[in-house]
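Below, chains carry the letters A, B, ... as their sequence lines are ordered, and counting in each starts from 1. Every heavy atom of this structure was used, including side-chain atoms; hydrogens, water molecules and symmetry mates were not. What you see is a predicted model, and the numbers here were worked out from it, not measured in a lab.
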Amino acid sequence: MLTTLHKQLLNDYQQNFPLSPRPYQDIAEALGVTEADVLSALTELNDNNFISRIGPVIPPNHIGVSALIAMAVPEQHLQTVADKISAHPEVNHNYEREHRFNLWFVVIAADAEHLDALIDAIEQETSYPAMLLPMLDDFFIDLGFKLDLNND
Amino acid sequence: MLDETDRKIIQATQAGLPLTPQPYQAIAEQLGLTSDDVMLRLAAMKNSGSIRRIGAVPNHYKLGYRFNGMTVWNVPDEVIDELGQQVGRLDFVSHCYHRPRHLPEWPYNLFAMVHGKTQQAVDKQIQQIADLLGDSNLGCDVLYSTKILKKTGFRTSNRPVTD
């Protein structure tokens, strides 16, 4: 299903996407294909959700203040509580996980005050305490993730 | 420090660069800038670390990495910086953060996300982290996601997502 070109684009262009007037043309030249080939392959990857986008990736807390938050919610109330939380535009990930703390979500607020107000609002709406887990240090040097695309 | 124009460029590109021959030109026109402005500012933000990388953002799950575990570890504070950096360098770790403990119910202060195509692959990765931490591993847990309840690539309010 994935062609050689798809795989090259997935693995070799997670970083150093060209900052030039015709970046797709530059990639095409490097890979020995045409600009149209690169654009259609990327469009396919995008349309099939193999990539979520091509573009700049911003480290946490460079714009806005983010935090991971965990809640312990009885199973029968989980969906209702999760829906209330997800309704906030500041919430961009919300996962159920197998643990006593079974609801995990990430919020990004404009600043610390906005974050505090948001957490207060979420605690009031859901009546469950939020365990706040802000990032204290980021140990990850994001150079992309080496994908094993064989046997797919 | 980012100025207003930098922020606008970040915001305009968080849904992805346009898949048209001159994507920076398209962004520039949208913001009333020149394509040189856009490219120079993106390059400067990359150099300063405000942009971590520019490129394809793969969807691990869709590409066969169905086993995504949030591994959490209790590591002594004196060694967390050194060990955290080592864990962050492992090629199967996609995020690695120091976060606060909440005693007594949450003793873990080091978070590392791991991704594998099989449960066995992930088990092996977890063992590798445990081996690396050695005696500094005072306890650990692995939380697998059972359901994605919300995941937005682009936020509906006017601030961009981080990755």
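Only the backbone of A:Tyr13 has a heavy atom closer than 4.5 Å to any heavy atom of chain B. Heavy atoms of A:Phe101 lying under 4.5 Å from chain B belong to its backbone as well as its side chain. Both the backbone and the side chain of B:Met70 come within less than 4.5 Å of a heavy atom in chain A. Proximity to chain B is limited to the side chain of A:Asn46, based on heavy atoms less than 4.5 angstrom apart. Of the two parts of B:Ser35, neither the backbone nor the side chain holds a non-hydrogen atom closer than 4.5 Å to a non-hydrogen atom of chain A. B:Gln86 does not touch chain A: none of its heavy atoms, backbone or side chain, sits under 4.5 Å away. Of the atoms belonging to B:Gln22, heavy atoms from both backbone and side chain fall under 4.5 Å from chain A.
The shortest heavy-atom contact between A:Leu132 and B:His102 is O-NE2, 2.6 Å. Looking at every heavy atom in both residues, A:Met71 comes nearest to A:Thr126 through CE-OG1, 3.5 Å. The two residues A:Pro23 and B:Pro21 make their nearest non-hydrogen contact at CD-O, 4.0 Å.
For chain B, the option among A:Ala67, A:Pro21, A:Pro56 with the highest count of heavy-atom pairs below 4.5 Å is A:Pro56. Counting heavy-atom pairs under 4.5 Å between each of A:Glu98, A:Arg97, A:Arg22 and chain B puts A:Arg97 at the top. Ranked by non-hydrogen atom pairs under 4.5 Å with chain B, the options A:Leu78, A:Asn102, A:Thr43 are led by A:Thr43. Interface summary for chain B: among A:Glu35, A:Gln25, A:His99, the most heavy-atom pairs under 4.5 angstrom belong to A:His99. Options A:Ile51, A:Leu68, A:Leu19 differ in how many heavy-atom pairs under 4.5 Å they form with chain B, and the most are formed by A:Leu19. Interface check for chain A: of the options B:Asp36, B:Ile80, B:Val142, the most heavy-atom pairs under 4.5 Å are formed by B:Ile80. The greatest number of non-hydrogen atom pairs below 4.5 Å with chain A, out of B:Phe111, B:Tyr144, B:Tyr61, is found for B:Tyr144. Of the listed residues (A:Ala82, A:Ser20, A:Pro18), the greatest number of heavy-atom pairs within a distance under 4.5 Å of chain B belongs to A:Ser20. Of the listed residues (B:Leu42, B:Leu110, B:Leu90), the one with the most heavy-atom contacts under 4.5 Å to chain A is B:Leu42. When the candidates B:Asp81, B:Val87, B:Asp141 are compared by the number of heavy-atom contacts under 4.5 Å with chain A, B:Asp81 comes out ahead. Heavy-atom pairs under 4.5 Å with chain A peak, among B:Ile51, B:Thr13, B:Leu19, at B:Leu19. The candidate with the highest count of non-hydrogen atom pairs below 4.5 Å against chain A, out of B:Ala56, B:Gly84, B:Pro18, is B:Ala56.
With ring centers used as reference points, A:Phe17 lies under 6.0 Å from A:Tyr24.
Using the six-membered ring where Trp is involved, A:His77 and A:Tyr128 have ring planes that are tilted, between 30° and 60° apart.
Within 6.0 Å of CD on A:Glu113 lie no more than 12 heavy atoms contributed by other residues, nucleotides or ligands. Within 6.0 Å of atom NZ in A:Lys84, more than 12 heavy atoms from other residues, nucleotides or ligands are found, so the atom counts as buried in its surroundings. Within 6.0 Å of CG in B:Asp131 there are more than 12 heavy atoms belonging to other residues, nucleotides or ligands.
Taking the centre and axis of the six-membered ring of B:Tyr108, the NZ or CZ atom of B:Arg101 falls outside the cone set by 45° and 6.0 Å.
Each of A:Val91, A:Ile69, A:Val107 was compared with A:Ile85 under the side chain to side chain contact (heavy atoms under 4.5 Å, CB included) criterion, and only A:Val91 meets it.
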